[in-house]
There are 2 protein chains.
Amino acid sequence: MISDKTAAAPPGASDLQRLADALAPVGDGGLRERKKRARRELLIDATHRLVDAHGLDAVTVEAICAEAGVSTRTFFNYFETKDDAVLGHVPWPVESDAARTFAAGGPSGHLLADLQVLIGAVLGEPPVGRDRFTRAFELAAREPRLLARHIAWFEQHKGQVVALVRERLGADPDRDPEVVASLAMFLTHATFLRWDAAGGAGEGADHLAHVVAELRALVAE
Amino acid sequence: MISDKTAAAPPGASDLQRLADALAPVGDGGLRERKKRARRELLIDATHRLVDAHGLDAVTVEAICAEAGVSTRTFFNYFETKDDAVLGHVPWPVESDAARTFAAGGPSGHLLADLQVLIGAVLGEPPVGRDRFTRAFELAAREPRLLARHIAWFEQHKGQVVALVRERLGADPDRDPEVVASLAMFLTHATFLRWDAAGGAGEGADHLAHVVAELRALVAE
DNA sequence: CACTGCAATTGCAGTGTGTGCAATCTTGCA
DNA sequence: TGCAAGATTGCACACACTGCAATTGCAGTG
């Protein structure tokens, strides 16, 4: 157990419960929801702490669970893979007003420009804290195995982009939705690279703008 | 053992040896080299056969080794992972005359056009048989786990491209080698997608040309 | 507050991947 | 033929991950 019993906690109030309560303002559901989220955070934090201390390969799932005070079986109810916990992967919903605007052909009517707007919007609302996100990105850059999983997680979202592009383009034979979606992935990926190289500073949309500008220059040249 | 003892084989001539002998014209090394390559092929073939018959998850390394007549321990001397055997991964050397030309600033002087030439050249000399390559790609398209590994293997080569781009560009502050290399990866990836969608028909360079044209249209629009 | 439906946690036993090590066999070479 | 280097193998083992059945905890109802 990790709990520091400094203040006399009310009986029955576990670490988990306190954490869940602390999340109350954010949580929109009942106690059940909050606890679930809290435990997820707890596990990811424990994982990061141990990996920082001992390195990825020296950390076992068992150790993580001991640190978090949870059974190993429960761990695998939260994450498919040990690596997923390390990366703190959470689905990143592409749906939004921006997505609907894009699918409808807006806002400008120029495919590339609108793609840039869409990606910028998605980049603006990450599903997890920015610090944790960049942390995951750094780890992935170092460990090839994690990179594979990171890319896979990333690639999972391509399907949503393909759907949006397809909706926008209809049956245009000159545009392959797969290729357009791949381009979107490239833009996002390159943006992340620059973002990471900048130490996580600045806004995603700005880095994205730079990448798009570079692409335009490359093609125009 | 799987060997069919139909014809009376000369004593001492195992399946492996015969296979190694068959590879003799291709092999440049001694018997040792040929046997090693032969065994590699043997294992990949066995893996493909079993995966085709029973599906990826139903095939164990043990079964593969039984089929190939090799100990499981040996299997892992050849491949880091079961998935690597399924995909038949082999490093794809980017170095070539085309690579040196590109690094030197040729052949046309236009970065994107020359990138296209470079990728086309690399695509023209795959390190393994084309049939096996497309087979691997199909498998990867179906199984998300394999896709991850495939992309990771793919991404491993980015370093070489970055080096080439850096050599070509020198210290141009307006061009980020990472971004250019990512673009190259995107072009290659999209080419593979089209190639696969076409059932493996046609030349890689042609599909690539189509992708580049689409990119130009997108940017110009 | 007692009661009940349902979700989450847990223990346990088992499968399969992948590794280190030492013994054994094969190949290349003198 | 005999020796040194390389490859294969068996064995023991750590670890990731899964299915199942039992238990615990939350939420809503009367």
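Chain letters run A, B, ... following the sequence lines, proteins first and then strands; every chain starts at 1.
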Kindly determine whether B/Thr188 and B/Thr191 satisfy side-chain hydrogen bond (donor to acceptor under 3.5 Å, both in side chains), including the steps that lead there. CA-CA 5 Å; B/Thr188 313; B/Thr191 300; over 6 Å; no
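- Put simply, CG on A/Leu42 is 17 Å from P on C/dA8, counting in whole angstrom units.
- Applying the ring pair (Phe, Tyr, Trp, His ring centres under 6.0 Å) test between A/Phe137 and each of A/Trp195, A/Phe154, A/Phe192 identifies A/Phe192 as the sole match.
- The main-chain N or O of A/Ala104 is never found under 3.5 Å from a side-chain atom of A/Arg168 such that the two would form a donor-acceptor pair.
- If you measure from atom CD of A/Glu33 to atom P of C/dC6, you get 17 Å, rounded to the nearest angstrom.
- Proximity of a side-chain donor or acceptor of A/Glu214 to a complementary backbone N or O of B/Asp176 within less than 3.5 Å is detected.
- Applying a 4.0 Å cut-off to non-hydrogen atoms, the residues of residues 73-84 of chain A that approach DNA chain D are A/Arg73, A/Phe76, A/Thr81, A/Lys82, listed by residue number.
- No option in B/Lys82, B/Arg142, B/Arg145 other than B/Arg145 meets the salt bridge (Lys or Arg N to Asp or Glu O under 4.0 Å) test with B/Asp57.
- A/Arg39 places its CZ atom 11 Å from the P atom of C/dA8, with the value rounded to the nearest Å.
- In terms of modelled atom types and a separation under 3.5 Å, the side chain of A/His157 and the main chain of A/Trp153 share a donor-acceptor contact.
- Between B/Arg149 and B/Glu143, none of the side-chain N atoms (NZ, or NE/NH1/NH2) sits under 4.0 Å from a carboxylate O, so this pair counts as no salt bridge.
- Look at A/Arg34 and you won't find any side-chain N or O under 4.0 angstrom from OP1 or OP2 of D/dC26.
- Proximity of a side-chain donor or acceptor of B/Thr74 to a complementary backbone N or O of B/Val70 within less than 3.5 Å is not detected.
- The distance between atom CZ of A/Arg149 and atom C1' of D/dA16, rounded to the nearest whole Å, is 11 Å.
- A salt bridge links A/Arg49 with A/Glu67: at least one charged nitrogen is closer than 4.0 Å to a carboxylate oxygen.
- Using a 4.0 Å cut-off on heavy atoms, none of the residues of residues 51-60 of chain B approach DNA chain D.
- Atom pair B/Ile64:CD1 and C/dG16:C1' shows a separation of 12 Å (rounding to whole Å applied).
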Would you write the dot-bracket representation of DNA chain D, where each base gets (, ), [, ], | or . depending on whether it forms a Watson-Crick or G-U pair under 3.5 Å and with which partner? ||||||||||||||||||||||||||||||
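- The structure places CG of B/Asp45 at 12.5 Å from CZ of B/Arg40, a figure rounded to the nearest 0.5 Å.
- Distance alone, capped at 3.5 Å, is enough to place a donor-acceptor pair between the B/His48 side chain and the B/Val86 backbone.
- Neither OP1 nor OP2 of C/dT26 sits under 4.0 Å from any side-chain N or O of B/Lys35.
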